[in-house]
Each structure stands twice: as C-alpha cells, then as structure tokens.
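All of these numbers come straight from a predicted model, not from anything done at the bench.
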Amino acid sequence: MKINNKEFREWTADDLQVLLNNDAYRENNFIDYKVNFAPLIDKDKKREKQAEFRNDVCSFANADGGYIFFGIGESSGAASILAGISISNIDRFELDRRNELQAIRPTVPEVDFSFISIQDDKYVVVLHIQRGLYKPYITEEPEGQFHFYIRHGNKKQAMSYTEIRNGFLNAAMLSEDIKSFRKERLEEHITEMKKPFALVQVIPATFRSDYVPMYDMYREGKLDFDNLFNGMIRDRAVPNVDGVYFPDYSKLRDFEKL
C-alpha cells in the first residue's frame, strides 16, 4: 500500500493526514484503525487484550496481509482523528509486542513496525503484517483452547472448517512441492556430473505463491550478489529466471542452463 506515492517505511505525520475521512483508505481487508493500544490502556484485562492483539495479527496473516494503525480513531470505518499513543521508549514497546507474538503457532508471521511521531512522545504505530507463508496461524488462549481467525472485509472472523482444512492442505502441498523440486534438480546434476560436486539450492520463502523478478531487480541495482555471497565466489553471480548462475567465460560449459 502506498500513501502519497510513498512506501510503508517512508510515511510521515503529514502523509497520515491523507487517511482522514478518505474513502480510499477506509477499513477493509487490508486496513484496520485502532485509536489506542488496548493492553496499555485496560490494565485489568491486559491478558485478554494481548490475546486480542495476537488474534488481530493472525487474522491478517491468514488472509492476504495488511496494516494495523494504532493511534488513529475511526468513524464508520473511515479514519477520523490522529490521536497517537504515548510511548516513552519505542524500542521497548516493539520488543514487548514481538515477545507477545511469540505465542502464535506454528511460527510468528512476518511483522514490521513503523513509529510515526505526531507530537512530543505520541506516535502512530503502524504494523505491516505480511501474507502468511505457514498458515493457518493459531493462538492458544487460554491453554488448550485454540483459535483460528481470518480477516474478512473490515473485521476478523473465526475461520470456517473449510478455510482451516484448506490452509493445512496447502501447507502440506507446499512441503511436498519443495521436496519434489529439490529431488528433480539433484537428479539432473547427478546425471550430468562425472565428479564430486556441491549443489546449493536457494528456494525462496515465496515459492509457489509470489513471483520475484530476480533478474529485473538485479538489473535495477536492487540486488547486490557480491555482498549477498560475502566474497565466497570467484566470479560474478548473475540471477536467471529462478535462481543464480555463475557465467563461464571460457565457454567450456553453458552455466545458464542451471
């Protein structure tokens, strides 16, 4: 999502003004506004509010990802006020939140934090939750009671039996696809090579779900393979369609086939 043609990490307090009373940024599958951070406000129900926080994160990860804005009030789903939340130590705040998310299973989804100062010690805290790669994500609140939530429209809902089943089936299929991919590539090289060799298979976390145009990114200077491989290669590493090859300028082998 972009605001004022800026990416998540670039947003400022001025950019957030664009959200106010703007139907284009109304609460939906990808956006949620919360005027405060409940676990800090309702001390008597802190555990309950922490569980709600985890469920909110899971609901986005189990869907297509999205953004939670803490410190922005809403009216009928539209952002109405930049209230901000008081935070004395933003590093401590983020660490505490990440610790709270450790209770999510099977693993913590990828979550990025951005703290946008609006006045003195008040911030709008934006969480960017990535589309989950290991869904379905669940919480256990309290012990022995498991909860599956997914984002539908402008709210989180309990996942249906079909959604839960499909989530587990897709996870199993992903594992089998990766195993099959590794086996196929290995067998190709065993057939070709007549001497001992080492084969490194770099399988993107987004395998089967998203296409990452590595060559285009490399050409635009967004990937630095020399630094990525930390000097472990003797020649220039070049990405091809789905991996990396090392050109053989002697023309003895066509490494592009790798």
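When the side chains of ILVMFWY residues are joined at heavy-atom separations under 4.5 Å, either directly or via intervening members, Val126 and Tyr25 end up in a single hydrophobic cluster. Using a 4.5 Å cut-off between side-chain heavy atoms of Ile, Leu, Val, Met, Phe, Trp and Tyr, with links allowed through other members, Leu20 and Ile85 fall into different hydrophobic clusters. Hydrophobic clustering keeps Tyr149 apart from Tyr134 (ILVMFWY residues linked when any side-chain heavy atoms are closer than 4.5 Å, directly or through intermediates). Connection of Phe69 to Phe113 is not established within any shared hydrophobic cluster, with ILVMFWY side chains joined at heavy-atom distances below 4.5 Å, either directly or through further cluster members. Ile116 and Ile81 sit in two unconnected hydrophobic clusters of ILVMFWY residues. Membership requires side-chain heavy atoms under 4.5 Å apart, directly or through other members.
Of all the heavy atoms in Ala63 and Lys135, the pair that sits closest is O-NZ, 2.9 Å. Between Pro136 and Gly167, the closest heavy-atom pair is CD-C, 3.5 Å. When all heavy atoms are compared, the tightest approach of Asn22 to Ala24 is OD1-N, 2.9 Å. For the pair Phe60 and Asn29, the tightest heavy-atom approach, listed with the atom from each and the gap, is CE2-O, 3.4 Å. Pairing each heavy atom of Val35 with each of Ala83, the nearest pair is CG2-CB, 3.9 Å. Of all heavy-atom pairs between Glu7 and Met1, the closest is OE1-O, 4.2 Å.
Here the side chains of Val111 and His128 are not in contact, with every heavy-atom distance at 4.5 Å or above. In this structure the side chain of Cys58 reaches within 4.5 angstrom of the side chain of Ile104, judged on heavy atoms. Using a 4.5 Å cut-off on side-chain heavy atoms (C-beta onward), Phe70 and Phe53 make contact. Between Ser88 and Asp121, the closest side-chain pair of non-hydrogen atoms is not below 4.5 Å. Counting heavy atoms from C-beta outward, Asp64 and Arg151 have side chains that stay 4.5 Å or more apart. Residues Ser114 and Val125 form no side-chain contact, since every pair of their non-hydrogen atoms from C-beta on lies 4.5 Å or further apart.
Between Glu52 and Lys49 there is a salt bridge, since a side-chain N of the basic residue sits under 4.0 Å from a carboxylate O of the acidic one. The existence of a salt bridge linking Arg54 and Glu141 is confirmed by a sub-4.0 Å separation between a basic side-chain nitrogen and an acidic carboxylate oxygen. With salt bridges taken as basic N to acidic carboxylate O contacts below 4.0 Å, one links Asp32 and Lys34. Look at Glu140 and Arg105 and you find no salt bridge, because none of the NZ, NE, NH1 or NH2 atoms lies under 4.0 Å from a carboxylate O.
From Leu19, atom CG reaches atom OG of Ser80 across 11.0 Å, with rounding to the nearest 0.5 Å. Expressed to the nearest 0.5 Å, how far CG of Asn5 lies from CD of Glu10 amounts to 9.0 Å. The CD1 atom of Ile118 lies 8.5 Å from the CD1 atom of Ile72; values are rounded to the nearest 0.5 Å. Interatomic distance, CG of Leu95 versus CG of Asn99, reported as 4.5 Å (0.5 Å rounding). Remark: Leu101 CG to Thr139 OG1 distance equals 11.0 Å, nearest 0.5 Å.
Counting heavy-atom neighbours within 6.0 Å of Lys155 NZ, excluding the residue itself, gives a total of 12 or less. Within 6.0 Å of CZ on Arg92 lie no more than 12 heavy atoms contributed by other residues, nucleotides or ligands. Annotation: Arg47, atom CZ; neighbour count of heavy atoms from other residues, nucleotides and ligands within 6.0 Å does not exceed 12.
Between Phe37 and Phe93, the two ring planes are perpendicular [angle over 60°; tilted spans 30° to 60°]. Using cut-offs of 30° and 60° for the angle between ring planes, the Phe8 and Trp11 rings count as perpendicular. Note on ring orientation: taking the six-membered ring where Trp is involved, the planes of Tyr123 and Phe115 are perpendicular (angle over 60°, cut-offs 30° and 60°).
Proximity of a side-chain donor or acceptor of Asn62 to a complementary backbone N or O of Tyr137 within less than 3.5 Å is detected. Without hydrogens or angle criteria, Glu27 side chain to Tyr33 main chain gives a donor-acceptor distance under 3.5 Å. Side-chain atoms of Gln119 do not come within 3.5 Å of backbone N or O of Lys122 as any donor-acceptor pair. Remark: side-chain polar atoms of Asp42 are not paired, donor with acceptor, to backbone N or O of Ala38 under 3.5 angstrom. No donor-acceptor distance shorter than 3.5 angstrom exists from the side chain of Gln17 to the backbone of Ala13, with no hydrogens or angles considered.
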Might you work through the side-chain contact (heavy atoms from CB on, under 4.5 Å) test for Lys156 and Asn55, ending with a clear yes or no?
CA-CA 8 Å; Lys156 68 173 179 283; Asn55 289 332; 4.0 Å; yes
Do Asn4 and Asp15 pass the side chain to side chain donor-acceptor pair (under 3.5 Å) test, and can you show the C-alpha distance, the side-chain angles, and the key distance before you say yes or no?
CA-CA 6 Å; Asn4 283 342; Asp15 294 321; 2.8 Å; yes
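Side chains of Glu163 and His152: a donor-acceptor N/O pair is present below 3.5 angstrom, by distance only.
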